[in-house]
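Report on the structure given below.
So that the names make sense, note that chain A is the first sequence line, chain B the second, and so on, each numbered from 1. The figures that follow rest on heavy atoms only: side chains count, while hydrogens, waters and symmetry mates do not. All values reported here derive from a predicted model rather than from experimental measurement.
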2 protein chains.
Amino acid sequence: MFSKELLKGTLKTIILRLLDEQGKMYGYEISQFVKNMTDGKLELTEGALYPTLHKLESEGLLKTEKVFIGKRARKYYSLTPAGNKETISKIKEFQEFAAAMQMILFPKANLDGRIK
Amino acid sequence: MFSKELLKGTLKTIILRLLDEQGKMYGYEISQFVKNMTDGKLELTEGALYPTLHKLESEGLLKTEKVFIGKRARKYYSLTPAGNKETISKIKEFQEFAAAMQMILFPKANLDGRIK
DNA sequence: CAATTATACCTAAGAGTTTTAGGTATTCCA
DNA sequence: TGGAATACCTAAAACTCTTAGGTATAATTG
């Protein structure tokens, strides 16, 4: 797995986008989903994930719903209308960032029309 | 300009790649270069840039050469052989990261073959 | 069936990177 | 001549994430 430094700043974007796609998810599910989807290349640590979920909720971007599976609680998160808006803006932001990085890292590719 | 959160972790990669491309550059030049190349979307703050240059030098990835323009000093940085290696690895790392992010943010694009 | 693994939540201290907010000095230009 | 641009630098604070715990239930496996 590559250095996690790069992950910084993308956690919120990832969470918002996944909830946008999947409708609702719980914390543990999100962490497993990302791990599986990227073949273990990208792992969200719980120490970062849970506090971020709480923060997004307190900011009004997420709402929660508690579900019990037997005696074990799951906390499902889903987007609020404000969360929907924020998702769009975060994704756009990431796209612009990625484009800027490509411009810096591969300047020639942007001149002669080569893809990648 | 977009939030700088995303920039975290990419500073070293940017510096190494620019020196790889341009041969040698000085700190102020790097900051202006990035700003111009990205139409101001991406700005490296000096408070982050200079300490990072010093760190890369102390790690043996960069070497310096002082040049005086009149009485004003410029400190040119360039890659050492170790810096060359590190550049390759950092770029690869970023590419993998960007690919993983695309997979998460745009899963359908990766299934039906659409580009972007 | 006891022990390990997986599920599922959480927090606090510390590490690491960047921003903010300064500082110094030279050169150019209006 | 005074402000903007050039060119370097640092220290404190802010912010995000990792590390390293903690609790508890359910499933698996030897």
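- Computed from coordinates, the B:M25 CE to D:dT6 P distance equals 14 Å when rounded to whole Å.
- The two residues B:M103 and A:T38 come nearest to each other via the heavy atoms SD-CA, 4.4 Å.
- Relative to the side chain of B:K71, the nucleotides D:dT10, C:dC9, C:dT26 differ in distance, and C:dT26 lies closest.
- A cation-pi arrangement is found for B:K24 relative to B:Y76, the charged atom lying closer than 6.0 Å to the ring centre and inside a 45° cone about the ring normal.
- Looking at which nucleotide of DNA chain D each of B:G27 and A:I69 is closest to, the 5′-most match is held by B:G27.
- The nucleotide whose nearest atom lies closest to any side-chain atom of B:Y50 is, among C:dA8, C:dT20, D:dC8, D:dC8.
- With D:dA5, C:dT11, D:dT10 as the candidates, the nucleotide lying closest to the side chain of B:Y28 is D:dA5.
- Residue A:G47 is in base contact, counting any heavy-atom pair closer than 4.0 Å across all strands shown.
- Contact record, A:L42 with A:V34: O-CG1, 3.5 Å, taken as the closest heavy-atom pair.
- Closest to the side chain of A:Y77, from the set C:dC10, D:dC8, D:dT18, is C:dC10.
- Heavy-atom nearest nucleotides on DNA chain D were determined for B:A73 and for A:G70, and the one closer to the 5' end corresponds to B:A73.
- Scanning atom types as modelled, no donor and acceptor separated by under 3.5 angstrom connect the side chain of B:R72 and the base of C:dT27.
- Closest contact between the side chain of B:R74 and the listed nucleotides D:dA7, C:dT17, C:dT7 involves D:dA7.
- Enclosure of atom NZ in B:K35 is not indicated, since only 12 or fewer non-hydrogen atoms of other residues, nucleotides or ligands lie within 6.0 angstrom.
- Distances were taken from every side-chain heavy atom of B:A48 (C-beta onward) to each of D:dC9, C:dT19, C:dC10; the shortest belongs to C:dT19.
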